[in-house]
Amino acid sequence: MSNKLLSHFIAGKFDPGAATETIAVINPATQQTIAQVPCATEQEIDRAVASAKQAYQSWRTVPIPERARLMFKYQALLKDHHDELAKTLSEETGKVFADAKGDVWRGIEVVEYACNIASLTMGQTSENISSNIDSYSYTHPLGVCAGITPFNFPAMIPLWMFPIAIACGNCFILKPSEKDPITPIRLVELFIKAGFPPEVLQLVHGAKNQVDQLLTHPDIRAVSFVGSVPVGQEVYRTGTQHLKRVQCMAGAKNHMVIMPDADKEQAINCLVGSSVGAAGQRCMAISVALLVGEAAGWLPEIREAMAQAQPGAPDDESATFGPLISQQAKQRVLDFIQKGKDEGADCLLDGSNCNVEGYPQGNWVGSTLFANVQPQMSIYTEEIFGPVLITAPAKDLDDAITWINDNPYGNGTSIFTSSGWAARKFQNLIEVGQVGINIPIPVPLPFFSFTGWKNSFYGDQHAYGKEAVRFYTQSKTIMSRWFETNNNQSSQTFSNM
Ligand code: NAD
């Protein structure tokens with residue numbers, strides 16, 4: 001048990017501040033309290049924003065190649081500390097080490113993208129748009145931006161946000177998840193070590209109250225949020241009502257279509273890994289398999305593979321996944337498993353009573369498989385966020401596409417097939433923003449953007465890639481005319497401009 005009080009990073013100093021309210025950070029495998037996270041007071045958040053606002057005045061003028069050079073140093077430091085970050089991350093999230101390393105690595109890739117900021121923020125020019133007149137545009141930062149991140153990727157998702165925002169010339173306030181704030185603190189420490197002016201990045205802890213203050217703060221121009229659908233909707237409404245740019249990456253229900261001509265072994269391996277990996281706590285996890293035609297007969301093999309994929313301690317190399325993040329998250333998943341049975345789906349594998357030797361207090365749920373799920377069942381309509389795979393037969397590809405397009409979420413989907421025609425039809429007709437063809441979790445690399453659709457995203461510019469550069473910047477367009485000395489014959493009308 002540790003009562004170590006964690007620190008905010010405000011105005012260039014790590015300090016736990018004056019919070020009267022703290023939240024315990026709990027190891028999900030052991031239930032041990034690792035630390036206490038302080039909830040920032042109103043004055044602390046005001047101080048963080050004021051400090052960022054002041055720092056912005058000089059940060060925005062730092063030459064772009066210099067910003068990029070600092071980002072290169074940050075990338076190198078993150079790489080040097082990769083395993084150490086993954087170990088911290090694994091302890092506070094319960095992720096198995098291989099998953100924890102992936103979480104850090106996918107974040108580093110975004111930092112690499114941000115190193116490219118000079119070409120990403122180049123403007124446009126047009127010569128002679130009228131007689132002796134040229135026009136050109138510059139990309140300017142916005143000012144102070146904020147990011148609110150979820151528990152499930154405490155390295156990758158903060159790194160989706162602040163490196164690009166800061167490389168663009170903004171200053172940034174990060175409010176990480178209160179469930180696993182230690183990895184984000186370490187990301188900030190390394191950022192400062194890379195040589196950035198300390199006030200360009202501020203870290204404040206807390207939950208709803210702190211988020212609400214950021215969303216309504218007059219000096220914050222843009223807010224990036226990643227989290228669940230209900231919170232995302234609330235954040236989007238409040239932020240936009242307060243006239244901010246807001247992008248909300250939200251929850252999901254991702255389907256995999258398995259065609260009867262798919263490579264059976266590959267499809268089943270990918271299905272199982274993508275549904276129960278990270279205990280199903282990924283926004284791109286496959287939670288529904290639509291088994292087309294004869295593929296519906298593959299359920300015994302799917303069950304067998306699911307039964308072999310079981311949880312274990314984060315340092316157990318044979319474990320497929322770790323515990324759920326909290327006791328509440330575990331109870332929520334158990335309630336869904338019960339609802340699935342009550343609503344009449346066939347439970348082919350039940351992970352409700354799962355124990356891991358040596359970890360009697362862990363938030364364990366074993367791999368769970370449902371068959372013959374109907375579209376109105378709550379295990380289909382809601383995001384479960386646990387190691388629960390639900391399946392349904394589909395008559396043909398059109399039927400599978402209808403299932404997916406009728407679903408309100410649109411984060412990710414995939415098809416397993418050996419038919420190019422089926423794959424192309426699927427990619428063309430499917431109303432989902434990220435599509436895998438014989439790839440189960442098609443998370444785009446950072447030079448693309450993370451393009452969720454429908455209820456999985458609110459806003460218009462997505463996370464990372466060129467869209468994020470647009471999100472964190474504004475254009476200034478200039479028209480310019482120079483007169484020949486002593487030849488002042490300008491006209492103020494549009495027509496002969
Ligand atoms: P969450 O919505 O509970 O919390 C996300 C953030 O919002 C946290 O920082 C939290 O402190 C804050 N928060 C919580 N309640 C709030 C409220 N009422 N008002 C304002 N802020 C509030 O999400 P989570 O449980 O941490 O993360 C899991 C969810 O995130 C899942 O739904 C998952 O699908 C989603 N997610 C989506 C993506 C994506 O890119 N689409 C990526 C990762 C996770």
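In listed order, ligands and their atoms are each counted from 1.
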Given that the side chain starts at C-beta and the backbone is N, CA, C, O, which of these parts of V229 lies under 4.0 Å from ligand 1, counting heavy atoms, or is it both or neither?
neither
Side-chain atoms of residues 439-446: list all donor-acceptor pairs with protein atoms under 3.5 Å, sequence neighbours left out, distances to 0.1 Å.
none

Going by heavy atoms, is F385 under 4.0 Å from ligand 1?
yes
Going by the atom numbers of ligand 1, which of them fall below 4.0 Å from some non-hydrogen atom of E178?
10 (C), 11 (O)
Please work out, at 4.0 Å between heavy atoms, whether the side chain, the backbone, both, or neither of R282 comes within that distance of ligand 1.
neither
May I ask you to list the atoms of ligand 1 that are less than 4.0 angstrom from any heavy atom of V211?
20 (C), 21 (N)
May I ask which of A250, C248, G410 has a heavy atom nearer to atom 41 (N) of ligand 1 than the others do?
A250
Under 3.5 Å: N/O of K175 near N/O of ligand 1
yes
For N152, atoms of ligand 1 separated by under 4.0 Å from a heavy atom
43 (C), 44 (C)
Validation row: F14, V188 side chains within 4.5 angstrom (heavy atoms)
yes
Can you name the atoms of ligand 1, numbered from 1 with element, that are less than 4.0 Å from a heavy atom of S228?
1 (P), 2 (O), 23 (O), 29 (C), 30 (O), 32 (O)
Within less than 4.0 angstrom of ligand 1, does Y409 place any heavy atom?
no
Side-chain donor-acceptor pair under 3.5 Å between Y458 and T240, yes or no?
no
So that I know where these two stand, are H462 and F448 an aromatic pair - ring centroids less than 6.0 Å apart?
no
If the contact criterion is a heavy-atom separation under 4.0 Å, does S177 count as touching ligand 1?
yes
Please report which non-hydrogen protein atom sits nearest to atom 35 (C) of ligand 1, along with the residue it belongs to and the distance in Å to one decimal place.
G227 O, 3.1 Å
If you take the centroid of each ring, where Trp contributes its six-membered ring, are Y113 and F447 closer together than 6.0 Å?
no
Lys NZ or Arg CZ of K339 over F336 ring: under 6.0 Å, within 45°:
yes
Is it the case that ligand 1 has an N or O less than 3.5 angstrom from some N or O of C283?
no
Can you find a non-hydrogen atom of I157 under 4.0 Å from ligand 1?
yes
Is E383 close to ligand 1, meaning an N/O of one under 3.5 Å from an N/O of the other?
yes
Ligand-side contact atoms (ligand 1) for residue partner W160, heavy atom cut-off under 4.0 Å:
40 (O)
For atom 5 (C) of ligand 1, which candidate among V231, T451, V226, I148 provides the closest heavy atom?
V226
Say whether F457 and ligand 1 are in contact under the criterion: heavy-atom distance to a ligand atom below 4.0 Å.
no
Would you find more than 12 non-hydrogen atoms of other residues, nucleotides or ligands less than 6.0 Å from D342 atom CG?
yes
Residue F450 vicinity, atoms of ligand 1 by number, heavy atom under 4.0 Å
39 (C), 40 (O), 41 (N)
Mode of Q281 contact toward ligand 1 - side chain, backbone, both, neither (heavy atoms, under 4.0 Å)
neither
